[in-house]
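The block underneath contains the structure these notes are about, expressed in structure tokens.
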Amino acid sequence: MIKKWSFYTSLTLIIAFLSSGFKPFNFETTHRFIKNDYDGRNYQFPSQKQNEYTKESVSFVGKLFIDYKEAIAFRESQGKYKKINSLGYLGKYQFGTETLKSVGVHNKRQFLNSPKMQEQAFIALVAKNKSELIDIIEKYEGRIISGILMTESGILAAAHLGGAGSVKRFFKHEGKRHFKDAYGTSIRSYMRDFGGYETSGIVADSNATVQ
């Protein structure tokens with residue numbers, strides 16, 4: 001009788017142990033925050049606190065539009081919204097005064113103090129440049145010019161650095177002449193470094209402005 005009782009007790013314990021191994025994990029997501037991209041998609045990140053990432057070595061290898069924005073921002077200002085360089089270019093994406101006016105921004109102080117306005121200004125400028133360069137994008141995308149595979153995102157990044165006119169001159173001379181900014185950065189390098197990102201969701205709009 002004791003042997004039977006021991007057998008059934010052991011069997012019950014074994015079944016309970018095995019069953020616990022198949023219970024689904026309950027991942028807690030309430031403390032994570034959501035970041036929204038231009039096309040309405042959401043991206044989830046662990047925390048909004050920047051200092052929680054300072055000791056992490058993170059490789060940004062994505063090719064979404066959000067990755068594109070942040071890659072350009074890091075190159076321009078290390079992602080600092082209140083950055084003003086020695087030539088007077090402003091903000092996270094380093095806008096010049098005339099470029100700001102072209103997207104409907106006339107108050108530089110307000111611009112520097114508004115991350116939301118800066119993000120909107122970047123998207124508006126991409127939309128305007130895409131409108132002005134749409135024929136070039138359609139003609140040259142997928143071709144190799146001056147040793148670089150041409151992509152829409154690379155062409156638009158070059159326009160951000162040097163303006164749409166400089167990009168047009170680059171293609172007019174088949175890549176043999178290209179613009180460099182005051183710090184020696186060429187639009188050719190932007191075409192190379194920012195190629196292959198997802199920018200198709202940006203609608204070409206010659207009248208795009210900050211809302």
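Values reported hereafter were calculated over all heavy atoms of this structure, with side chains retained and with hydrogens, waters and symmetry mates removed.
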Has Phe111 got more than 12 heavy atoms of other residues, nucleotides or ligands less than 6.0 Å from its CZ?
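Atom CZ in Phe111 is packed in, count exceeds 12.
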
Give the ring-plane orientation class for Phe122 versus Phe65, where under 30° counts as parallel, over 60° as perpendicular and anything between as tilted.
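Plane angle between 30° and 60°, so tilted.
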
Students often mix this up, so state it plainly: with edges at 30° and 60°, are the rings of Phe194 and Tyr190 parallel, tilted or perpendicular?
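Phe194 and Tyr190: perpendicular rings.
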
Does [X] pair with [Y] as a salt bridge, N-O distance under 4.0 Å?
X	Y	answer
Glu132	Lys168	yes
Lys101	Glu98	yes
Glu70	Arg75	no

Honestly curious: do [X] and [Y] fall in one hydrophobic cluster under the side-chain, below-4.5 Å linking rule?
X	Y	answer
Ile145	Ile134	no
Phe74	Leu125	no
Met117	Ile84	yes

Check: Tyr89 and Glu76 side chains under 4.5 Å, non-hydrogen atoms
no

State whether a side-chain donor-acceptor pair under 3.5 Å links Arg169 with Ser166.
yes

Mind checking whether Phe171 and Tyr140 have ring centres under 6.0 Å apart?
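Yes, ring centres under 6.0 Å apart.
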
If you apply the rule ring pair (Phe, Tyr, Trp, His ring centres under 6.0 Å), what do you find for His160 with Tyr68, and how did you get there?
CA-CA 12 Å; His160 182 84; Tyr68 179 66; 9.0 Å; no

